[in-house]
There are 2 protein chains.
Amino acid sequence: MKENTGKSKYVILGMLARMPLTGYTIKKWIENEYSHFWQESYGQIYPSLKKLVAEGLAVSSDNTETGNRRGQILYSITDAGRKELSDWLREEPEIEKLRYEILLKVSFGGNTEPEVLLGHLDDFIKRNEKLVKDMNGYMEHFDALKVQGTDCTYSQLTALCGVYIYSAMRDWAVLAKEIISEKEVVRNSE
Amino acid sequence: MKENTGKSKYVILGMLARMPLTGYTIKKWIENEYSHFWQESYGQIYPSLKKLVAEGLAVSSDNTETGNRRGQILYSITDAGRKELSDWLREEPEIEKLRYEILLKVSFGGNTEPEVLLGHLDDFIKRNEKLVKDMNGYMEHFDALKVQGTDCTYSQLTALCGVYIYSAMRDWAVLAKEIISEKEVVRNSE
DNA sequence: AATCTCATGTAATGGGTTACATGATTTT
DNA sequence: AAAATCATGTAACCCATTACATGAGATT
């Protein structure tokens with residue numbers, strides 16, 4: 001037996017707790033604001049929304065009459081939904097299982113030329129460097145909002161985590177490159 | 001259409017490249033040495049091994065006669081397997097998708113009491129603190145092996161990555177706690 | 001007219017864990 | 001004799017992405 005571990009439900013509830021949204025905008029928001037630590041596809045979002053309504057945790061308003069353009073369906077959270085969200089927030093977060101393919105390749109590095117790994121590490125450094133910049137951009141954006149009186153402390157904390165994690169990955173990769181290169185120098189001089 | 005993205009195959013090939021192993025020992029090794037950045041279950045390992053043999057990338061020797069205790073099956077890599085491994089190592093590693101439930105909860109933090117988040121962050125700090133210790137333990141272990149003349153550079157690099165990543169997560173969480181607590185002080189004094 | 005974006009949705013497929021089934025050997 | 005560990009394996013299930021289908025409204 002296994003209880004439902006699907007998190008899509010709670011991501012959606014968390015977003016609806018701020019304001020009513022359509023499935024489409026939920027997807028777009030996750031892409032823009034959560035993508036560095038979470039992702040959801042339409043294949044998860046639309047069925048989840050229907051389930052939320054069936055469970056009384058959200059209500060849908062497909063008011064095609066009331067000036068609502070296109071066939072869009074707005075979902076709003078209910079009191080039961082807020083309760084469900086709050087209960088979930090109290091539960092201990094699941095221990096994250098990391099799957100870094102680059103580490104797998106590094107650990108099997110003896111089966112290829114050092115240049116191959118150095119190349120992968122270069123790409124990795126560039127990618128993480130860009131992510132650090134993006135995250136710092138978010139940080140500044142949130143600082144600007146704070147000056148205007150909008151409190152974004154919690155969102156900003158996730159961006160800060162991004163800064164920390166991507167900086168660490170970049171720094172590791174830079175050091176890893178040095179260690180691999182040094183090892184090669186030693187090997188060649190023997 | 002979608003090409004096969006299953007990585008189990010390559011993890012197993014990478015391990016077999018060092019020495020012949022049974023499915024059971026592959027599982028145990030992954031648990032002990034790779035668990036901080038990779039995981040595989042028996043449900044993946046046993047079918048994958050059979051597939052590897054079918055593809056000629058590995059051979060099995062269930063020599064129950066030749067003193068092999070129990071029904072264990074030893075798998076060895078073939079030349080074709082080494083080629084396959086080497087080809088895969090050259091491919092660009094897939095971009096890792098992170099899923100940090102704790103960040104989700106932090107970002108929805110406005111829907112619960114700050115104490116709830118502070119509690120989660122405490123657990124998170126303890127967990128990462130322990131992981132940093134574990135990784136440093138591995139680092140020393142590899143240093144000791146290096147003194148004995150065994151080259152473990154690549155394995156050690158993955159442990160080093162662990163040190164970096166878990167330290168970063170811990171540091172972030174410590175700072176996050178401070179920021180949340182401070183925010184509360186301000187809120188209460190208003 | 002064509003194309004792009006908005007918008008909803010489902011079916012197929014893949015990837016992975018969990019639970020279960022089975023049995024040998026070793027340890028207590 | 002019982003329990004723990006070694007050892008292999010499969011079926012059910014869950015989670016998630018991808019590909020596809022459909023169509024409205026806006027833009028070029």
Side-chain angles (χ1 to χ4, degrees), chain A residues 1-12 20-32 34-35 37-54 58 60-65 67-75 94-101 104, chain B residues 1-12 20-32 34-35 37-54 58 60-65 67-75 94-101 104:
Chain A
M1 310 307 114
K2 207 199 151 213
E3 64 270 38
N4 186 20
T5 48
K7 306 284 159 50
S8 316
K9 178 177 171 178
Y10 302 107
V11 186
I12 295 172
L21 295 164
T22 67
Y24 189 80
T25 49
I26 286 171
K27 177 77 201 304
K28 293 294 149 196
W29 280 34
I30 291 177
E31 272 172 19
N32 292 331
Y34 301 95
S35 63
F37 66 89
W38 205 265
Q39 44 281 136
E40 294 288 346
S41 63
Y42 288 126
Q44 295 278 105
I45 293 170
Y46 286 116
S48 292
L49 281 168
K50 292 201 164 174
K51 230 180 276 176
L52 286 179
V53 173
S60 64
S61 63
D62 56 47
N63 31 350
T64 26
E65 346 59 59
N68 214 335
R69 295 151 15 273
R70 303 181 186 189
Q72 66 181 17
I73 303 167
L74 249 196
Y75 291 88
E94 218 173 73
I95 294 174
E96 47 281 332
K97 288 176 190 165
L98 308 181
R99 275 198 145 202
Y100 279 89
E101 196 182 352
L104 218 48
Chain B
M1 309 312 113
K2 209 200 150 211
E3 64 270 39
N4 186 20
T5 47
K7 306 284 160 47
S8 316
K9 178 179 171 177
Y10 302 107
V11 186
I12 295 172
L21 295 164
T22 67
Y24 188 80
T25 49
I26 286 170
K27 177 77 201 304
K28 292 295 147 192
W29 281 34
I30 292 176
E31 273 172 19
N32 292 331
Y34 301 94
S35 63
F37 65 89
W38 205 265
Q39 44 281 136
E40 293 288 347
S41 63
Y42 287 126
Q44 296 277 105
I45 293 170
Y46 286 117
S48 292
L49 281 168
K50 292 201 166 175
K51 231 181 274 176
L52 286 178
V53 172
S60 63
S61 64
D62 54 47
N63 31 353
T64 25
E65 346 59 57
N68 215 333
R69 291 147 24 268
R70 302 178 189 194
Q72 66 181 16
I73 303 168
L74 248 196
Y75 291 88
E94 217 173 74
I95 294 174
E96 47 282 332
K97 288 177 190 164
L98 308 181
R99 275 198 144 201
Y100 279 88
E101 196 182 350
L104 219 48

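Values in this document were obtained by computation on a predicted structure and should not be read as measured data. Residue numbers begin at 1 in each chain, while the letters A, B, ... track the order of the sequences.
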To the nearest 0.5 Å, what is the distance between CG on B:N32 and OG1 on B:T25?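 Here the interatomic distance stands at 11.0 Å.
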Separation of [N] [atom2] from [X] [atom1] (nearest whole Å):
X	N	atom1	atom2	result
A:K7	D:dT17	NZ	P	13 Å
A:K97	D:dC14	NZ	C1'	13 Å
B:Y46	C:dA19	OH	P	18 Å
B:I45	C:dG15	CD1	C1'	14 Å
A:E40	C:dT8	CD	P	16 Å
A:Q39	D:dA16	CD	P	9 Å
A:Y42	C:dA7	OH	C1'	8 Å
B:L49	D:dA7	CG	P	14 Å

Please check if any side-chain donor atom of A:T22 sits under 3.5 Å from a side-chain acceptor atom of A:Q72, or the reverse.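 Absent: no donor and acceptor within the cut-off.
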Taking only side-chain N and O atoms of B:Y24, does any of them lie within less than 4.0 angstrom of OP1 or OP2 on D:dT8?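 The answer is no; no side-chain N or O of B:Y24 sits under 4.0 Å from OP1 or OP2.
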Look at the side-chain N and O atoms of A:T22 and state whether any lies under 4.0 Å from the OP1 or OP2 oxygen of C:dT8.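 Checking C:dT8 against A:T22, a side-chain N or O does come within under 4.0 Å of OP1 or OP2.
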Of B:G43 and A:S41, whose nearest nucleotide on DNA chain D comes first from the 5' end?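 Nearest-nucleotide comparison on DNA chain D picks B:G43.
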Students often get this wrong, so: under 4.0 angstrom with heavy atoms, is B:K50 touching a base, only sugar-phosphate, or nothing?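 Result for B:K50 = sugar-phosphate.
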State which residues pass ring pair (Phe, Tyr, Trp, His ring centres under 6.0 Å) with A:Y100; sequence neighbours excluded, sorted by chain then number.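 A:Y100 satisfies ring pair (Phe, Tyr, Trp, His ring centres under 6.0 Å) with no residue once adjacent residues are dropped.
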Once ring pair (Phe, Tyr, Trp, His ring centres under 6.0 Å) is applied, do any residues pair with A:Y46, and if so which ones, sequence neighbours excluded?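 With neighbours one apart ignored, the set is A:Y42.
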When you get a sec, tell me which of C:dG9, C:dG16, C:dA7 is the closest nucleotide to the side chain of A:Q72?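 Closest nucleotide to the A:Q72 side chain: C:dA7.
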Which nucleotide in the list D:dT10, D:dA16, C:dG16 gets nearest to the side chain of A:R99?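 Comparing D:dT10, D:dA16, C:dG16 against the side chain of A:R99, the answer is C:dG16.
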Any salt bridge between A:E40 and A:K7, counting N to O under 4.0 Å?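 The answer is no: the pair does not qualify as a salt bridge.
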